[in-house]
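Position 1 is the first residue of the sequence; numbering continues from there. Model, not experiment: these values are computed from the prediction.
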Amino acid sequence: MKITVTGSLGNISKPLAKQLIAAGHEVTIISSNADKKEAIEALGAIAAIGSIADADFLTRAFTGADAVYTMVPPNFGTTNYRKYVSDSAKNYAEAVQKAGITRVVNLSSIGADIDGGTGQISGMHDGEMVLNKLENVAIKHLRAGFFYVNFFANVAMIKNMGIIGANYGSNTRLVMVHPEDIAAAIAEELQSPFTGKSVRYITSDDRTTTEIAAILGAAIDKPDLQWVEFTDEQALGGMIQAGVPEYIAKNFVEMNTAVRNGILWKDYDARGNKPTGKIKLEDFAKEFAGRF
């Protein structure tokens with residue numbers, strides 16, 4: 001098949017492209033960074049350099065593909081994250097329609113069933129709604145859990161303060177996923193027939209923050225590492241002090257509040273989902289130790 005992949009050479013798209021190429025498919029990788037062209041071609045893929053804000057470019061990159069994988073890259077420069085994700089989805093939808101694409105696998109997020117109050121995930125909700133309006137196009141939304149790799153942002157906190165934490169407390173539930181497990185699920189869906197508009201959850205592990213602190217702590221020789229709950233104000237101030245733009249920091253605080261309230265997992269649980277990814281927290285802890 002001919003498959004177009006968005007997301008450049010990111011944590012998901014690179015392993016995804018490798019799997020698809022190994023399976024014999026012709027893969028085009030979209031990247032906004034011209035410097036990535038050589039690395040993309042070294043994988044055996046075709047590089048399409050341009051912006052997802054350019055629907056005409058996307059149309060050209062999608063044309064001729066049997067299936068497309070869409071994702072919206074993080075953007076810490078936006079002042080309206082929800083609109084940024086929604087606008088990106090509209091560009092994808094326009095390109096899918098003009099290029100005559102009939103199958104799309106879209107990266108979404110756990111909690112995307114909720115309309116608002118979930119920080120940047122609210123944009124994923126809107127993105128699903130935009131793509132679902134496409135007629136005669138099969139859409140598979142992959143709702144991914146909390147990325148393990150987000151814990152890399154806590155390295156400085158652990159080193160400088162000897163704790164790990166957020167504006168949700170100990171024994172708070174986190175349903176997590178490894179990017180490589182997401183890539184494997186996307187590859188599976190792209191190579192399998194599906195119809196209509198549907199959702200698939202992809203998660204790797206389901207643990208509490210107390211367990212997370214213990215497992216990551218053991219991996220970095222800090223067996224007494226404790227999860228500490230911050231107030232929303234403390235979390236916001238800490239992120240701003242660390243250089244996160246205030247608007248983006250507020251989105252993270254709102255998302256974490258949804259974690260604290262447990263609302264992100266309600267639809268996941270209601271559908272009877274369980275972790276299916278191969279990479280468990282203990283496996284990721286080894287990666288974490290390597291970055292610590």
Side-chain angles (χ1 to χ4, degrees), residues 1-78 81 84-109 120 123-124 127 131 137 139-140 142 144 147-150 152-153 177-191 248 287 290-291:
M1 298 195 315
K2 293 183 178 180
I3 300 172
T4 299
V5 171
T6 60
S8 190
L9 295 176
N11 289 327
I12 297 171
S13 297
K14 185 175 181 178
L16 169 62
K18 286 182 175 180
Q19 290 179 56
L20 294 174
I21 292 166
H25 304 295
E26 180 182 301
V27 177
T28 296
I29 299 177
I30 291 176
S31 178
S32 61
N33 186 350
D35 293 339
K36 297 289 179 66
K37 183 176 185 293
E38 186 175 338
I40 290 171
E41 292 174 347
L43 287 179
I46 300 165
I49 306 301
S51 171
I52 66 167
D54 183 346
D56 290 335
F57 158 73
L58 288 175
T59 301
R60 293 192 297 272
F62 288 178
T63 298
D66 297 298
V68 170
Y69 161 60
T70 57
M71 63 86 66
V72 179
N75 182 359
F76 283 9
T78 184
Y81 212 100
Y84 159 68
V85 177
S86 179
D87 286 349
S88 298
K90 289 174 183 176
N91 289 335
Y92 282 143
E94 180 180 337
V96 164
Q97 194 167 41
K98 288 182 176 178
I101 302 300
T102 57
R103 288 201 308 128
V104 176
V105 176
N106 175 58
L107 180 64
S108 188
S109 172
Q120 54 267 49
M124 301 289 193
L131 291 174
V137 181
I139 308 284
K140 177 78 69 171
L142 239 64
F147 283 27
Y148 286 136
V149 294
N150 291 341
F152 290 142
V177 70
H178 195 287
E180 291 186 13
D181 281 337
I182 300 173
I186 296 166
E188 180 184 336
E189 293 294 348
L190 286 169
Q191 297 174 94
I248 299 298
E287 292 181 45
R291 289 280 293 268

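- Counting heavy atoms from C-beta outward, I12 and F147 have side chains that approach closer than 4.5 Å.
- At least one side-chain heavy atom of E26 sits less than 4.5 Å from a side-chain heavy atom of I46.
- The shortest side-chain heavy-atom distance between P74 and Y84 does not fall under the 4.5 Å cut-off.
- Looking only at side-chain heavy atoms (C-beta outward), L20 and Q191 come within less than 4.5 Å of each other.
- The aromatic rings of F62 and Y92 sit parallel to each other, their planes meeting at less than 30°, with 60° as the upper class boundary.
- The side chain to side chain donor-acceptor pair (under 3.5 Å) pairs that include a residue from residues 10-22 number zero, where partners must be two or more places apart or lie in different chains.
- The nearest pair of heavy atoms linking L107 to M124 is O-SD, 4.1 Å.
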Evaluate L131 against T70 for side chain to side chain contact (heavy atoms under 4.5 Å, CB included), listing each step before the verdict.
CA-CA 10 Å; L131 291 174; T70 57; 4.3 Å; yes
Starting from the C-alpha separation in whole Å, work towards a yes-or-no answer on side chain to side chain contact (heavy atoms under 4.5 Å, CB included) for T78 and I248.
CA-CA 8 Å; T78 184; I248 299 298; 4.3 Å; yes
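- Side chains of L9 and L43 form a contact here, defined as non-hydrogen atoms less than 4.5 Å apart.
- Side-chain atoms of T6 come within 3.5 Å of backbone N or O of M71 as a donor-acceptor pair.
- Y148 places no side-chain N or O within donor-acceptor distance of the main-chain N or O of P179, the cut-off being under 3.5 Å.
- Nearest heavy atom pair, residue T59 against residue T63, reads O-OG1, 2.6 Å.
- To the nearest 0.5 angstrom, I49 atom CD1 is 7.0 Å from F57 atom CZ.
- How far NZ of K36 is from CD1 of I30: 14.0 Å, rounded to the nearest 0.5 Å.
- Atoms CD1 and CD1, from I3 and I29 in turn, are 11.5 Å apart once rounded to the nearest 0.5 Å.
- For the atom pair S8 OG and N33 CG, the distance stands at 6.5 Å (nearest 0.5 Å).
- Side chains of V105 and L190 form a contact here, defined as non-hydrogen atoms less than 4.5 Å apart.
- Nearest heavy-atom pair, M1 versus H25, reported as atom, atom and distance to 0.1 Å: N-ND1, 3.1 Å.
- The minimum heavy-atom distance between A187 and L16, with the atom names listed, is N-CD1, 3.6 Å.
- In terms of heavy-atom proximity, G44 sits nearest to I21 at C-CD1, 3.9 Å.
- Put simply, the side chain of H178 gets close to the backbone of E180: a donor and an acceptor are under 3.5 Å apart.
- With rounding to the nearest 0.5 angstrom, the OG atom of S86 is 10.0 Å from the CG atom of N91.
- Ion pairing of E287 with R291 is absent here, as no side-chain N (NZ or NE/NH1/NH2) approaches a carboxylate O to less than 4.0 Å.
- Annotation for R103 and D66: closest pair CB-O, 4.1 Å, computed over non-hydrogen atoms.
- Shown are L58, V72, N75; of these, the side chain to side chain contact (heavy atoms under 4.5 Å, CB included) with S88 is made only by V72.
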